[in-house]
Amino acid sequence: MQTTAAATVAANFAAVKEMIAKAATKAGRTGDAVTLVAVSKTHGAAMIRPLLAAGHRVFGENRVQEAMAKWPALKQDYPDIELHLIGPLQTNKVKDAVALFDVIQSVDREKLARALSDAFAKTGTARDCYIQVNTGAEPQKAGVLPADADAFIRLCRDELQLPVQGLMCIPPVDEEPALHFALLRKIAERNGLKNLSMGMSGDFEKAIAFGATHIRVGSAIFGGRV
Ligand SMILES: *Cc1c(COP(=O)(O)O)cnc(C)c1O
């Protein structure tokens with residue numbers, strides 16, 4: 001039997017899916033053009049299982065350590081889970097991250113890009129990568145600066161042979177996100193990248209209007225972080 005909290009998560013999930021479909025239709029896109037990455041950080045398996053039971057498989061976590069405690073057991077039960085790393089990755093955790101995650105969305109500096117390239121070569125299995133762009137040029141935030149993005153994408157893709165699928169951004173909290181979504185899209189277009197990971201609980205409908213292919217939604221599904 002589901003607990004009340006688990007039932008709430010299931011209901012929130014259904015509501016978010018509905019909002020995604022509506023936003024996609026409004027933008028002239030199909031609902032399946034947008035992948036929902038359910039951000040389960042700080043929430044335990046009991047809150048994740050209702051989504052798995054509803055057929056959802058794509059999840060995001062921002063800490064390698066936390067994810068390692070939570071996901072191996074869930075992946076055993078649901079082998080088709082697709083796990084995205086959306087938080088900062090230290091080079092000493094690359095090996096663990098590559099073993100657990102299917103997608104690395106936070107490639108943000110040369111040292112990390114080289115470590116990933118080495119790890120992929122060593123294990124013989126690459127992981128899809130996204131370049132994180134610090135669209136607001138915030139000093140405390142990870143990501144390459146917009147002015148450095150083209151050169152960094154070239155380095156990752158051409159020299160290091162990383163499978164770069166797209167770009168990711170986290171707009172400044174106090175600015176209109178649309179400007180940042182538009183900027184990320186422009187950088188992706190001029191570099192021939194097709195995926196855009198942008199939009200969170202408060203702004204994913206707007207992100208969909210600006211072409212997001214992946215939205216990262218946490219609190220709108222799981223409630224406040226514990
Ligand atoms: C936590 C987090 C999210 C989800 O944020 P919500 O506002 O809870 O939807 C998305 N992206 C990143 C990188 C995060 O760390």
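When a ligand or atom number is given, it counts from 1 through the structure's own listing order.
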[X] heavy atoms, cut-off 4.0 Å: which ligand 1 atoms fall inside?
{"X": "I86", "answer": "11 (N), 12 (C), 13 (C), 14 (C)"}
{"X": "R216", "answer": "4 (C), 9 (O), 10 (C), 11 (N), 12 (C), 13 (C)"}
{"X": "S201", "answer": "6 (P), 7 (O), 8 (O), 9 (O)"}
{"X": "I170", "answer": "13 (C)"}
{"X": "V217", "answer": "9 (O)"}

- Note on the structure: Residues at least two apart in sequence or cross-chain that pass side-chain hydrogen bond (donor to acceptor under 3.5 Å, both in side chains) with D108, listed by chain then number, are none
- Message: Tell me which one of H84, Q105, H214 satisfies side chain to side chain donor-acceptor pair (under 3.5 Å) with S197.
- Response: Q105
- Do any N or O atoms from the side chain of D77 and from the backbone of L74 form a donor-acceptor pair under 3.5 angstrom?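 It does not hold such a pair.
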- Item | Of the listed options E61, R63, M200, M168, closest to atom 5 (O) of ligand 1 (non-hydrogen atoms) | M200
- In sequence, state the C-alpha distance, the side-chain angles, and the governing distance for E189 and K194, and then conclude on salt bridge (Lys or Arg N to Asp or Glu O under 4.0 Å). CA-CA 7 Å; E189 278 173 356; K194 62 181 194 318; over 6 Å; no
- Task: Please examine the side chains of N195 and Y130, heavy atoms only from C-beta on, and report whether any two atoms are closer than 4.5 Å.
- Result: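 They are in contact (side-chain heavy atoms under 4.5 Å apart), so the answer is yes.
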- Quick one: does G202 get an N or O within less than 3.5 Å of an N or O on ligand 1?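 No, there is no polar N/O contact under 3.5 Å.
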Please list every donor-acceptor pair under 3.5 Å in which a side-chain atom of residues 86-93 meets a protein atom from a residue at least two apart or in another chain.
none

